[in-house]
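Every chain is numbered from 1 and lettered A, B, ... according to where its sequence line falls, protein lines coming before strand lines.
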Amino acid sequence: MCGRARCTLSPAEVARAFGFPTTSANAGGGGDGPAVPTLHLNRFRPSYNVLPGAYLPVGAMRALPGCAHGGGGSDGEGPVIQCMKWGLVPSFTGKAEKPDYFRMFNARSESVKEKVSFRRLIQKNRCLVAVEGFYEWKKNGSKKQPYYIHFQDHRPLVFAALYDAWTNSEGEITHTFTILTTHASTSLNWLHG
DNA sequence: CCAGACGTTGTT
DNA sequence: GTCTGG
DNA sequence: CCAGACGTTGTT
DNA sequence: GTCTGG
């Protein structure tokens, strides 16, 4: 499970985590950055306590509708880094509804292909999300203790995710994503009970 | 057919 | 948008 | 997911 | 204990 995370990664670190190219600090003269198109990165607020409803940089392979494959190098295709809100708000959500980012912030990979709300996104709406780590709470009697999960070498974690776009009654488009989960690794089993 | 839901966790 | 329940 | 509230009457 | 809000 993952419902709370830490992300203070720079755009270049995010790009590297996704395996996307970056500009060299030497050549540019102003420090390195993603060498792929970016969108709305200014909306990202680095935080040690990111929760659903907040923006995170997401990596995707953008393909414009109507140019599914074989188009030549238009800027509507290829890798892109875009800010999206954590917590899937499906495109079919009513325009007047209040978006609920907490209802679908995770999708079980074991069942994602069977779930009506997710399966339609698998082919064309995959994306990646990079964070430094995430939090799990352990119940000790009546108390809850948060633990921070991360790699010892500080390599970012890269989650598989699915995204969608929702348009509200004002015509504003909100991009959201859900992080795929899987069974806990054996080294984290102690945290799950 | 139409109406209504569409998810996850972790638990005894 | 797509599946389930009635 | 966690944190915090959890209500009614009758009013400016 | 259970629901709402973030």
Q | A:Trp86/A:Phe159 aromatic ring centres below 6.0 Å | A | no
Checklist line | Transitive ILVMFWY side-chain link A:Val89 to A:Met104, under 4.5 Å | finding: no
Here the distance between atom P of B:dT9 and atom CG of A:Leu188, to the nearest Å, is 14 Å
Taken in chain and number order and not counting sequence neighbours, the residues that satisfy ring pair (Phe, Tyr, Trp, His ring centres under 6.0 Å) with A:Tyr148 are A:Tyr135, A:His150
Here the distance between atom P of B:dG4 and atom CD of A:Glu97, to the nearest Å, is 13 Å
Distance check, C1' atoms only: C:dT2 and B:dG10, in whole angstrom units. 29 Å
Please write out the pairs of protein N or O atoms and N or O atoms of nucleotides 1-3 of chain D separated by less than 3.5 Å, giving the distance to one decimal.
from  : atom 1 : to     : atom 2 : distance (Å)
D:dC2 : O4'    : A:Arg4 : NH2    : 3.0

- With the side chain counted from C-beta on, respond yes when A:Trp137 and A:Met1 share a heavy-atom pair under 4.5 Å apart, and no when they do not. no
From CD of A:Glu110 across to P of B:dT8 the rounded distance in Å is 9 Å
**Asked** With rounding to whole Å, what would you report as the distance between B:dG7 and D:dA3 at their P atoms?
**Response** 27 Å
### Message
Would you say A:Thr181 places a side-chain N or O within less than 4.0 Å of OP1 or OP2 belonging to B:dT9?
### Response
yes
All heavy atoms of A:Leu56 vs all of A:Val131, minimum pair found to be CD1-CG1, 4.4 Å
Integer angstrom distance from the P of B:dT9 to that of C:dG1
28 Å
Taking only the C1' atom of each, what is the distance from E:dG6 to B:dA5 in whole angstrom? 24 Å
Under a side-chain separation threshold of 4.5 Å, the hydrophobic residues clustered together with A:Leu39 are none
key: Inter-nucleotide C1' distance (B:dT8, D:dC1), Å rounded   = 9 Å
- Query: Can you tell me if the side-chain N/O atoms of A:Arg108 get under 4.0 Å from OP1 or OP2 in B:dT9?
  - Reply: yes
Here the distance between atom P of B:dG7 and atom CZ of A:Arg119, to the nearest Å, is 11 Å
Tightest non-hydrogen contact, residues A:Phe20 and A:Ile81, listed as CD1-CG1, 3.8 Å
Atom CH2 of A:Trp86 and atom C1' of B:dG7 are separated, to the nearest Å, by 14 Å
Rounded to whole Å, the CG-P distance (A:Asp100 to B:dC6) equals 13 Å
When rounded to whole Å, the CZ to P distance for the pair A:Phe118 and C:dG1 reads 18 Å
Would you say B:dT8 has OP1 or OP2 under 4.0 Å from some side-chain N or O of A:Ser111? yes
Query - Side-chain N or O of A:Lys115 closer than 4.0 Å to phosphate OP1/OP2 of B:dT8 - result: yes
When rounded to whole Å, the CZ to P distance for the pair A:Arg120 and C:dT4 reads 15 Å
Residues at least two apart in sequence or cross-chain that pass ring pair (Phe, Tyr, Trp, His ring centres under 6.0 Å) with A:Phe44, listed by chain then number, are none
Report yes if some heavy atom in the side chain of A:Lys85 is under 4.5 Å from a heavy atom in the side chain of A:Pro99; otherwise report no. no
Those residues at least two apart in sequence (or on a different chain) that pass ring pair (Phe, Tyr, Trp, His ring centres under 6.0 Å) with A:Tyr55 are none
Pairs under 3.5 Å (Watson-Crick or G-U), crossing ones as [ ], inter-strand ones as |: DNA chain C comes out as ||||||
